[in-house]
2 protein chains.
Amino acid sequence: MSAGTGAAPGRRRPTVADVAREAGVSVATAGRALGNYGRVGDDLREQVQAAAERLGYSPNAVARSMRSGGTRSIGFVGADISNPYFATAMRGICDVAREQGYEPILANSDDRLEVERAAVSVLLDKQVEGIVVAPTSVTDVAHLERAKELGVPIVLLDRHIGALEADSVVVDNEAAAYEAVAHLLGLGHRRVGLLACVDPAEGPELAARTGTGRLTVRGAARPSIDRIRGYLAAVDDHRATSSAELIQYTPLSDAAQAQRRAEALLTQPQPPTAVFATDNVTTQGLFMAARRRGLAIPADVSLVGFDDLDWTTLVDPPLTVVAQSPLDMGRAAAVRLFERIKGDDRPAERIVLPTELVVRSSTAEHSHGVREHSG
Amino acid sequence: MSAGTGAAPGRRRPTVADVAREAGVSVATAGRALGNYGRVGDDLREQVQAAAERLGYSPNAVARSMRSGGTRSIGFVGADISNPYFATAMRGICDVAREQGYEPILANSDDRLEVERAAVSVLLDKQVEGIVVAPTSVTDVAHLERAKELGVPIVLLDRHIGALEADSVVVDNEAAAYEAVAHLLGLGHRRVGLLACVDPAEGPELAARTGTGRLTVRGAARPSIDRIRGYLAAVDDHRATSSAELIQYTPLSDAAQAQRRAEALLTQPQPPTAVFATDNVTTQGLFMAARRRGLAIPADVSLVGFDDLDWTTLVDPPLTVVAQSPLDMGRAAAVRLFERIKGDDRPAERIVLPTELVVRSSTAEHSHGVREHSG
DNA sequence: ACGGCCGGTGAGAACGTTCTCTCACTCCGC
DNA sequence: GCGGAGTGAGAGAACGTTCTCACCGGCCGT
């Protein structure tokens with residue numbers, strides 16, 4: 001009826017100017033009445049609000065952001081939102097964000113550095129006020145540094161980066177893995193296998209036996225790496241068998257792939273009597289492999305998995321797992337991020353959330369005396 | 001070194017004006033060289049780009065959005081991102097969005113209408129260019145109408161709303177449920193139970209037996225409701241037992257709650273010999289209940305679940321389920337949304353993706369002659 | 001040789017909001 | 001009755017980008 005584009009279905013959104021005209025006041029007054037800042041007379045205020053109501057006015061957040069700098073948006077960059085770990089963490093972030101009146105923008109990195117870089121860059125361009133990121137690399141952090149330089153706080157989720165002055169929310173992966181493997185060793189197992197998910201490209205170089213006969217890993221502080229460290233430390237402390245044949249890596253976050261590696265692990269000449277898997281995907285692959293090879297759990301092989309997903313209690317036997325709470329981790333990361341957004345400038349902190357070894361029925365004493373380890 | 005705020009860690013981002021000054025050209029020319037629109041001489045272009053490089057310039061997307069109207073953001077509103085269904089759908093949406101150079105903003109509605117309304121409102125204020133929403137209500141759609149009026153296309157995910165002229169991406173829930181229940185009935189089961197997740201407040205009124213002795217549901221086209229319809233239709237067509245005692249509702253998306261209802265269902269005087277669960281949460285609850293009550297599957301009771309999640313193949317026995325692909329659904333919804341964003345104005349379409357009844361080992365013939373059904 | 005055209009550049013407006021500044025008016029106190 | 005303080009309202013700038021317009025030079029066509 002009034003000046004509209006006519007054909008287009010999208011009517012122009014009313015602006016403060018429209019409301020001002022409708023109410024017969026100036027733009028400044030309308031702005032004050034609507035945004036309740038400054039001072040406005042009560043009568044005019046009501047008049048303006050009525051006009052706004054009539055027109056269905058609602059403020060343009062983009063314009064507001066442009067003027068005031070704040071977008072009330074944060075970013076989350078994770079490997080893959082369809083992974084239960086990230087989905088649950090995202091949920092925690094969302095919850096906190098909503099309490100704060102913020103919206104999260106999501107980006108999947110697929111664990112590829114260049115994708116993560118691009119995502120961070122876009123988020124920065126979109127002027128997010130902070131970013132929670134589960135970083136792919138712990139060495140290449142220029143894009144994260146840039147965010148920090150721009151005054152956009154970064155909180156690391158699941159991985160700590162020593163070289164970057166940024167808060168991180170992690171669990172003590174090494175200790176958790178140590179506890180899990182120690183549990184197996186405590187049950188008498190001497191040949192404990194490891195199934196880990198690591199990109200071979202930047203994966204750990206398993207520096208084969210050093211002079212002392214120890215296996216060590218080089219590589220950065222990604223969760224899997226730390227868990228491998230924990231495994232090695234436990235095996236070493238308990239003087240159990242330490243051998244490259246007991247360790248299988250799977251490059252992708254793909255259960256089928258993990259299953260193949262697990263089968264290789266379980267069907268070798270001298271198979272392990274217990275296996276520790278470093279994440280939920282390898283845990284699933286490991287379980288499938290044992291099942292497919294007809295191995296009885298825990299009679300033939302004991303299993304300890306990582307992440308306490310629902311299904312680990314549904315299968316037979318229920319799985320012993322290392323439990324962490326991605327919901328709490330996401331929440332903690334978001335809480336920390338908002339503290340930073342609000343100006344907190346304490347030194348970067350490493351927030352370590354607890355893990356729990358949930359002992360169920362997939363682990364048992366190693367009764368059959370297999371004794372080929374050298375003392 | 002140059003004019004900075006000093007103490008604050010956040011250096012002001014360089015703007016086009018800064019680059020222009022650095023390159024010794026006008027703002028207009030710098031803008032043209034950076035945004036490659038208009039015409040710029042080759043020498044000046046390089047000069048400007050070099051200056052931009054030196055300053056680490058990167059465009060302010062908020063300002064760009066303000067000027068050009070497009071934010072290159074879309075919204076996704078779902079009940080709960082930590083639910084595998086939504087997480088996977090979100091993944092599909094993200095993938096398509098990224099191909100298009102868009103970023104998704106996420107909001108959880110927790111299946112509460114007022115939360116959904118608020119989320120849509122915020123997204124609209126943030127000038128998203130389109131919204132994918134798995135709506136809570138199929139009757140109260142004013143907020144979605146408003147989006148359409150503002151020219152922001154809406155694509156419905158998982159639920160169709162007849163009253164709203166909007167595309168939807170769904171599966172044929174009624175047919176899928178019918179097929180699942182028919183499968184059970186074809187195996188000889190006459191007492192087939194139903195475990196459905198429905199908010200009792202706006203839930204179906206199970207209009208107890210009509211004159212013909214049929215059970216019917218009233219209520220809108222939410223997935224669960226349609227699946228209930230499919231169940232009733234199958235039971236009716238096969239002249240199997242139709243009785244309110246065979247039907248249990250659980251209000252919340254909570255497996256423990258679902259388990260309690262399932263136990264009630266399975267432990268009544270004349271328990272069903274087969275049960276159909278309408279979604280992944282109730283499926284889990286149902287499985288846990290059968291397990292907890294020591295019922296052998298499928299000897300004592302046959303089970304058909306909904307959603308082909310990983311765990312359904314890991315448990316013993318592997319579950320017969322109705323499979324749908326939330327990834328494809330999310331992808332299809334996003335694809336449709338971008339068609340709309342690009343101006344497609346064909347009439348709204350209901351995109352129906354296929355489901356598949358995956359028969360595994362949780363369903364078997366009803367051998368033991370329990371024969372208390374009349375007719 | 002002169003007018004028009006075109007490529008290249010700069011000045012400035014516009015997007016919608018918020019904020020600062022100015023100004024008019026009122027009310028109070030001296 | 002007049003000055004100052006205080007209140008409410010309007011004019012306009014600013015955020016950073018994009019786009020329109022005008023201008024200026026050279027070149028080509030007639």
Side-chain angles (χ1 to χ4, degrees), chain A residues 3 5 10-49 51-52 55-72 122 124-127 129 150-151, chain B residues 3 5 10-49 51-52 55-72 122 124-127 129 150-151:
Chain A
T5 38
R11 274 208 314 275
R12 199 176 60 84
R13 285 179 71 126
T15 71
V16 192
D18 295 323
V19 175
R21 203 174 312 120
E22 171 84 8
V25 299
S26 75
V27 177
T29 303
R32 277 190 282 258
L34 295 170
N36 47 315
Y37 52 91
R39 319 190 132 274
V40 202
D42 292 348
D43 43 352
L44 271 196
R45 162 173 285 117
E46 285 175 24
Q47 203 170 317
V48 170
Q49 282 168 347
L55 265 48
Y57 169 82
S58 143
N60 181 328
V62 171
R64 175 177 291 170
S65 298
M66 158 118 235
R67 164 72 212 192
S68 44
T71 52
R72 302 194 86 75
V122 171
L124 253 24
D125 288 351
K126 289 205 173 181
Q127 313 285 110
E129 296 183 41
L150 260 26
Chain B
T5 37
R11 274 208 312 275
R12 199 176 59 87
R13 285 178 73 124
T15 71
V16 193
D18 296 323
V19 176
R21 202 175 312 120
E22 172 85 9
V25 298
S26 74
V27 177
T29 302
R32 276 190 282 259
L34 294 170
N36 47 315
Y37 52 92
R39 319 190 133 277
V40 200
D42 291 349
D43 43 351
L44 272 197
R45 161 172 288 117
E46 284 176 25
Q47 202 170 319
V48 170
Q49 282 168 347
L55 264 48
Y57 169 81
S58 145
N60 181 327
V62 171
R64 174 176 291 171
S65 298
M66 158 116 218
R67 165 73 210 188
S68 44
T71 51
R72 301 194 85 75
V122 171
L124 255 22
D125 288 350
K126 290 204 173 180
Q127 313 286 108
E129 295 183 41
L150 259 28

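Everything numeric in this text was worked out from a predicted model, so none of it was measured. Quick note on labels: first sequence line is chain A, next is B, and so on, each numbered from 1. Hydrogens, waters and symmetry mates are skipped; everything else that's a heavy atom, side chains included, is used.
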Between A/Val62 and B/Thr71, is a side-chain contact (heavy atoms from CB on, under 4.5 Å) present by the stated rule, with each step listed? CA-CA 8 Å; A/Val62 171; B/Thr71 51; 3.9 Å; yes
side-chain contact (heavy atoms from CB on, under 4.5 Å) evaluation trace for B/Arg39 with B/Arg32: CA-CA 7 Å; B/Arg39 319 190 133 277; B/Arg32 276 190 282 259; 5.8 Å; no
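Both B/Ala63 and B/Asp42 lie near DNA chain C, and the one whose nearest nucleotide falls closer to the 5' end is B/Asp42.
Spacing between atom CG of A/Asp43 and atom P of D/dG8 amounts to 10 Å, rounded to whole angstrom units. Between the CZ atom of B/Arg12 and the P atom of D/dG16 there is a distance of 6 Å, rounded to whole Å. When the P atom of C/dC25 is taken as reference, atom CG of A/Leu44 falls 16 Å away, rounded to whole Å. Following rounding to the nearest Å, B/Arg21 (CZ) and D/dG16 (P) show an atom-to-atom distance of 11 Å. Atom CG of B/Asp125 and atom P of C/dG16 are 14 Å apart (whole Å). A straight line from OH of A/Tyr37 to P of C/dT17 spans 9 Å, rounded to a whole angstrom. We find that CZ of B/Arg72 is positioned 12 Å from P of D/dT18, with the value rounded to whole Å. If you take CZ of B/Arg13 and C1' of D/dG16, they are 11 Å apart, rounded to a whole angstrom.
As judged by a 4.0 angstrom heavy-atom cut-off over every strand, B/Val62 is placed among residues making no nucleic acid contact. Here B/Ser68 lies out of heavy-atom contact (under 4.0 Å) with every strand.
A donor-acceptor contact under 3.5 Å is formed by the side chain of A/Arg32 with the base of D/dG10. Between the side chain of A/Arg67 and the base of C/dT18, at least one donor-acceptor pair of N or O atoms lies under 3.5 Å.
Side-chain atoms of A/Arg12 and A/Asp18, non-hydrogen and from C-beta on, do get closer than 4.5 Å to each other.
Distance from the side chain of B/Ala28 is smallest to C/dG12 among D/dG10, C/dG12, D/dG16. Across C/dG12, D/dA9, C/dT17, the shortest atom-to-atom separation from the side chain of A/Arg64 is found for C/dT17. In the set C/dT17, D/dG10, D/dT17, D/dT17 carries the atom at the smallest distance from any side-chain atom of B/Val27.
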Might you list the N or O atoms of the protein lying below 3.5 Å from N or O atoms in nucleotides 4-7 of chain C, with each pair's distance?
none

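Phosphate contact (OP1/OP2 of D/dA9, side-chain N/O of A/Ser26, threshold under 4.0 Å): absent.
Contact record, A/Arg72 with A/Glu129: N-OE2, 2.5 Å, taken as the closest heavy-atom pair.
With respect to B/Arg64 and A/Asp125, no salt bridge is recorded, no charged nitrogen being found less than 4.0 Å from a carboxylate O.
Counting non-hydrogen atoms of neighbouring residues, nucleotides and ligands closer than 6.0 angstrom, the CG atom of A/Asp42 reaches no more than 12 such neighbours.
For the 3.5 Å distance criterion, the side chains of B/Ser58 and B/Arg13 qualify, holding a donor opposite an acceptor.
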